[in-house]
Structures are given as C-alpha cells and as structure tokens.
Amino acid sequence: MVLVIDAAHARDCSDMLKDMHRMRKAVFVDGLGWRLPVTRDGLEIDQFDTADAVYLLDVDAKTLCLNASVRLLPTVRPHVLGDLFDQTCDNGAPRSEDVWEISRLCTAPRLDAEAALWARRRICLGLVEYGLLNGIDRYSCVINTSWLAGFLRPGWVCEPLGAPVEINGETLGAFTISVSPATRQKFLDQWRLAPLILAFPEQVAA
C-alpha cells in the first residue's frame with residue numbers, strides 16, 4: 001500500500017519518516033554521491049522538507065517496512081524546480097495551485113530489481129490517485145536526462161518545459177506530468193494493481 005503522510009500526521013509517523021530520510025541518504029548521498037545535507041544521525045533532510053511537504057511511502061501492508069518513497073511539494077511554495085533549477089524551464093517553473101512537484105523518488109537499496117520495479121509502480125499509481133483526490137492536474141519535476149527512458153516507461157503523458165541544461169556536470173531536464181483518470185486506468189490495466197492503493201495513517205492504526 002502507499003501511505004500518505006502530511007504535516008498533520010508527521011508526529012505520529014515520525015519513525016516511518018526517519019526510515020524514509022535514512023533511505024534517501026543511502027540512495028542519493030551514499031549511492032549517487034549527491035552533495036546534500038545530512039543530519040548527525042544519518043538522515044537526508046533539506047530545506048524543502050517542511051510542513052508543506054506530503055510524502056507517499058510504499059510500505060508492506062503487514063510489516064509497514066518501507067519499500068519506496070516520493071516527496072510532493074505545492075509549487076506555490078518553495079520547491080526544488082522553482083527555487084534551484086528554474087533555468088531548466090524556458091518560461092520559468094510552473095507555479096499554480098493545481099501543479100505540484102515530485103522529487104526524491106527512490107526505492108530501498110535492499111530490494112531486488114523486480115521488487116523495486118513493483119514498488120515504483122505502486123508509487124506511480126499512488127501519485128495519480130493522490131492527484132485526482134486533491135485537484136492536481138500536473139506534477140512538475142527535474143531529472144537527469146540519462147534517467148529519461150526509465151522515467152517515461154510507465155506511460156506518463158509528459159511535456160518538456162525546456163531544452164536540457166548542463167548543471168554541475170549533469171544534464172538536467174524539466175517536465176510536467178499530466179494527472180488524469182485515463183492515466184490511472186492505464187496503470188491499473190497494465191500492472192493489474194488494485195484501485196485505491198492509497199492509505200492514511202488513521203486507517204493503518206485502525
């Protein structure tokens with residue numbers, strides 16, 4: 001299942017969030033060598049991990065063991081693309097109530113390739129379901145273009161926001177992803193996942 005954790009649930013889900021930040025450190029800092037802030041207790045937390053952030057966590061329904069996660073940020077507030085990589089957008093990063101940003105998508109290093117693939121698929125479906133429930137028409141993101149094929153593989157309807165730009169030795173591109181019932185149905189059909197994959201902490205506690 002994909003657990004939704006926002007500011008209202010952050011305190012009750014603090015252990016899960018620590019696991020997420022620890023996983024992000026293992027993936028992005030230890031694995032990819034990104035220069036990101038890390039706390040003394042080994043958590044990757046940056047300036048965008050604020051009360052505005054919403055996290056989707058793919059967890060085992062029985063053990064609540066973390067498999068994958070992604071961060072969502074409203075683009076009307078500070079966010080990665082708009083505040084750090086606006087130069088990747090020909091007309092500036094989109095900022096609107098119905099556009100949210102996705103960032104820090106990662107899977108647990110302990111997973112094998114097949115398990116990681118299914119965790120990412122559940123996160124993708126969770127993103128669409130969350131968007132449809134919350135009036136989000138598009139997600140924005142910035143990615144290394146070497147990951148573009150994998151990024152497009154699920155079948156997203158994407159639009160580039162500008163030509164790729166080289167920044168700090170990486171070629172980065174900015175995109176928006178459309179959120180629609182058609183995309184949700186496509187994911188359900190091709191992956192044979194159950195609908196309404198999202199869950200909320202109070203449901204898990206119950």
Side-chain angles (χ1 to χ4, degrees), residues 1-73 78-81 84-85 100-131 139-144 146-148 150-151 153-154 156 168 170 172 177 187 191 193 197-201 203-205:
M1 66 180 172
V2 176
L3 192 64
V4 180
I5 301 180
D6 57 17
H9 301 99
R11 178 174 294 181
D12 292 338
C13 298
S14 60
D15 288 341
M16 286 187 185
L17 290 177
K18 285 180 181 178
D19 287 343
M20 179 198 70
H21 289 296
R22 195 172 292 112
M23 180 177 71
R24 282 173 27 179
K25 191 259 187 184
V27 171
F28 296 113
V29 178
D30 300 338
L32 296 175
W34 290 7
R35 295 182 178 179
L36 300 172
V38 176
T39 66
R40 290 183 178 179
D41 48 351
L43 309 180
E44 187 271 293
I45 299 175
D46 69 9
Q47 67 268 40
F48 302 108
D49 289 304
T50 67
D52 294 317
V54 176
Y55 304 98
L56 302 187
L57 276 59
D58 179 66
V59 298
D60 183 274
K62 293 182 179 179
T63 66
L64 299 184
C65 187
L66 177 63
N67 297 317
S69 68
V70 67
R71 177 176 64 190
L72 284 63
L73 291 167
H79 62 288
V80 177
L81 178 59
L84 300 182
F85 299 107
W100 280 52
E101 178 187 74
I102 57 176
S103 58
R104 294 295 197 272
L105 173 61
C106 62
T107 56
R110 63 176 172 77
L111 298 180
D112 61 27
E114 183 73 8
L117 174 62
W118 281 102
R120 288 192 297 272
R121 286 174 174 175
R122 291 189 294 269
I123 286 287
C124 287
L125 178 57
L127 283 167
V128 176
E129 291 194 343
Y130 185 85
Y139 289 115
S140 63
C141 63
V142 57
I143 65 169
N144 188 308
S146 65
W147 303 344
L148 188 56
F151 173 74
R153 189 170 295 123
W156 297 110
N168 298 327
E170 291 189 86
L172 304 179
I177 300 169
F187 289 173
W191 297 332
L193 290 170
I197 200 169
L198 293 181
F200 298 86
Q203 295 171 314
V204 174

### More than 12 heavy atoms of other groups within 6.0 Å of Arg110 CZ
yes
#### Entry: Close side-chain approach of Cys13 and Ile5, heavy atoms under 4.5 Å
yes
### Message
If only side-chain N and O atoms count, and only distance matters, is there a donor-acceptor pair under 3.5 Å linking His9 with Asp6?
### Response
yes
### Task
Give, for atom CD1 of Ile197 and atom CZ of Arg121, the distance between the pair rounded to the nearest 0.5 Å.
12.0 Å
### Query
Looking at Arg122 and Val2, what are the two nearest heavy atoms and their distance?
O-CG2, 3.4 Å
#### Entry: Min side-chain heavy-atom separation Ile177-Phe151 under 4.5 Å
yes
### Query
Does the side chain of Lys25 reach to within under 4.5 Å of the side chain of Asp30, using non-hydrogen atoms?
yes
### Minimum-distance pair of heavy atoms, taken over all atoms of Asn67 and Val59
ND2-C, 3.9 Å
### Heavy-atom side-chain proximity of Leu84 to Gln47 below 4.5 angstrom
yes
### Message
Looking at Asn168, I'd like to know if its CG atom is crowded, meaning that more than 12 non-hydrogen atoms belonging to other residues, nucleotides or ligands lie closer than 6.0 Å.
### Response
no
### Query
Using 30° and 60° as the class limits, which term best fits the ring planes of Tyr55 and His21: parallel, tilted or perpendicular?
perpendicular
### Query
What's the spacing between Glu101 CD and Asp52 CG if we round to 0.5 Å?
12.0 Å
### Query
Taking all non-hydrogen atoms of both residues, which atom of Ala68 and which atom of Ile123 are closest, and how far apart?
CB-CG1, 3.9 Å
### Task
Check step by step if side-chain contact (heavy atoms from CB on, under 4.5 Å) holds for Val4 and Leu56.
CA-CA 5 Å; Val4 180; Leu56 302 187; 3.7 Å; yes
#### Entry: Nearest heavy atoms of Asp60 and Thr63, plus distance in Å
OD1-N, 2.9 Å
### Task
Determine, step by step, whether Leu72 and Tyr139 satisfy the side-chain contact (heavy atoms from CB on, under 4.5 Å) criterion, reporting the C-alpha distance in whole Å, the side-chain angles of both residues, the deciding distance to 0.1 Å, and the verdict.
CA-CA 9 Å; Leu72 284 63; Tyr139 289 115; 3.8 Å; yes
### Query
Which heavy-atom pair separates Ser140 from Leu81 by the least distance, and what is that distance?
CB-CD2, 4.0 Å
### Task
Report the residues that fulfil side-chain hydrogen bond (donor to acceptor under 3.5 Å, both in side chains) with Ser103, sequence neighbours left out, ordered by chain and then residue number.
Arg71
### Side chain proximity check, Met16 to Met20, heavy atoms < 4.5 angstrom
no
### Task
Please round to the nearest 0.5 Å and tell me the distance separating atom OG1 of Thr107 and atom CG of Leu117.
9.5 Å
### Message
Return the CG to CG distance between Leu172 and Asn144, rounded to the nearest 0.5 Å.
### Response
6.0 Å
### Electrostatic pair Arg104-Asp49, nearest N-O below 4.0 angstrom
no
### Query
Which value, rounded to the nearest 0.5 Å, describes the distance between Cys106 atom SG and Met23 atom CE?
3.5 Å
### Query
Do the non-hydrogen side-chain atoms of Phe187 and Leu127 ever get within less than 4.5 Å of each other?
no
### Query
CG of Leu17 to CZ of Arg24: how many Å apart, nearest 0.5 Å?
9.5 Å
### Summary
Correct closest heavy-atom pair for Met1 and Ala61 would be CE-CA, 4.2 Å
### Task
Could you tell me whether the side chain of Glu44 and the main chain of Leu36 form a donor-acceptor pair under 3.5 Å?
no
